[in-house]
Amino acid sequence: MTTTETSKPAAPATTELWVERTGTRRYTGQSSRGAEVLIGSEDVEGVFTPGELLKIALAACTGMSSDRPLSRRLGDDYDATIKVSGAADRENEVYPQLNEVLEVDLSELDPEAAQRLLVVVERAVDAVCTVGRTLKAGTRVGLSIETE
């Protein structure tokens with residue numbers, strides 16, 4: 001009896017992420033894929049705060065999760081903007097509520113088709129937006145400190 005091996009596709013390499021201090025209250029976030037983002041406190045010009053990046057990650061995840069159903073129905077060149085807001089509770093250092101608004105033109109669809117599409121979009125976001133799902137579920141965060 002002969003067995004045949006099935007080859008599995010190679011798992012994608014994990015992207016490494018890190019931040020490096022570049023000045024007082026300034027950091028540069030980097031990825032092993034070559035991306036960079038400037039991070040700092042609110043009083044530093046030209047940077048995102050960590051909380052702003054959290055909100056942007058949520059909005060971007062919503063956009064990417066809704067992209068397939070929207071492009072399938074509206075075409076690849078549709079425009080969308082996802083706005084995200086939420087004030088920090090500085091006493092507890094948390095964002096108790098984050099609110100997103102997905103702005104997309106559905107005027108070319110009849111009202112019933114538009115409503116069906118919105119249901120599909122909401123389901124897609126609920127099912128595959130990792131950032132939103134993580135925020136809703138909560139997560140454990142570990143920290144270790146290495147010294148020289």
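Note that the structure is predicted; figures quoted are calculated from it, not measured.
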- Query: Taking side chain as C-beta onward, heavy atoms only, is Leu109 less than 4.5 Å from Leu74?
  - Reply: yes

Could you work out the complete set of other residues in the hydrophobic cluster of [X], with links drawn between I, L, V, M, F, W and Y side chains under 4.5 Å apart?
{"X": "Trp18", "value": "none"}
{"X": "Val101", "value": "none"}
{"X": "Ile145", "value": "Leu143"}
{"X": "Val141", "value": "none"}

Pairwise distance [atom1]([X]) to [atom2]([Y]) - rounded to 0.5 angstrom:
{"X": "Lys55", "Y": "Leu135", "atom1": "NZ", "atom2": "CG", "answer": "12.0 Å"}
{"X": "Glu108", "Y": "Arg73", "atom1": "CD", "atom2": "CZ", "answer": "7.5 Å"}
{"X": "Ile39", "Y": "Arg21", "atom1": "CD1", "atom2": "CZ", "answer": "13.5 Å"}
{"X": "Thr28", "Y": "Glu36", "atom1": "OG1", "atom2": "CD", "answer": "6.0 Å"}
{"X": "Thr49", "Y": "Asp43", "atom1": "OG1", "atom2": "CG", "answer": "11.0 Å"}

Side chains of residues 78-96: which donor-acceptor partners sit under 3.5 Å, not counting sequence neighbours?
residue, atom, partner, partner atom, Å
Tyr78, OH, Asp67, OD1, 2.9
Lys83, NZ, Glu103, OE2, 3.4
Asp89, OD1, Glu91, N, 3.1
Asp89, OD1, Asn92, N, 3.2
Asp89, OD2, Asn92, ND2, 2.8
Arg90, NH1, Glu93, OE1, 2.8

Only counting residues at least two apart or in another chain, list the ones meeting side-chain hydrogen bond (donor to acceptor under 3.5 Å, both in side chains) with [X].
{"X": "Gln30", "answer": "none"}
{"X": "Ser107", "answer": "Asp105"}
{"X": "Asp76", "answer": "none"}
{"X": "Thr62", "answer": "Glu100"}

- Sequence neighbours excluded, which residues qualify as side chain to side chain contact (heavy atoms under 4.5 Å, CB included) partners of Phe48?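 For Phe48 the side chain to side chain contact (heavy atoms under 4.5 Å, CB included) partners, ignoring immediate neighbours, are Val37, Glu52, Leu53, Ile56.
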
Distance-only donor-acceptor hits, side chain of residues 112-134, under 3.5 Å, sequence neighbours excluded:
residue, atom, partner, partner atom, Å
Arg133, NH1, Asp126, O, 2.9
Thr134, OG1, Thr130, O, 2.7

- Non-hydrogen atoms of Leu102 and Ser66 that approach each other most closely: CD2-OG, 4.3 Å

- Message: If the condition is salt bridge (Lys or Arg N to Asp or Glu O under 4.0 Å), which residues does Glu45 pass it with, not counting sequence neighbours?
- Response: none

- Decide yes or no on side-chain contact (heavy atoms from CB on, under 4.5 Å) for Leu38 and Thr22, but give the supporting numbers first. CA-CA 9 Å; Leu38 302 178; Thr22 57; over 6 Å; no

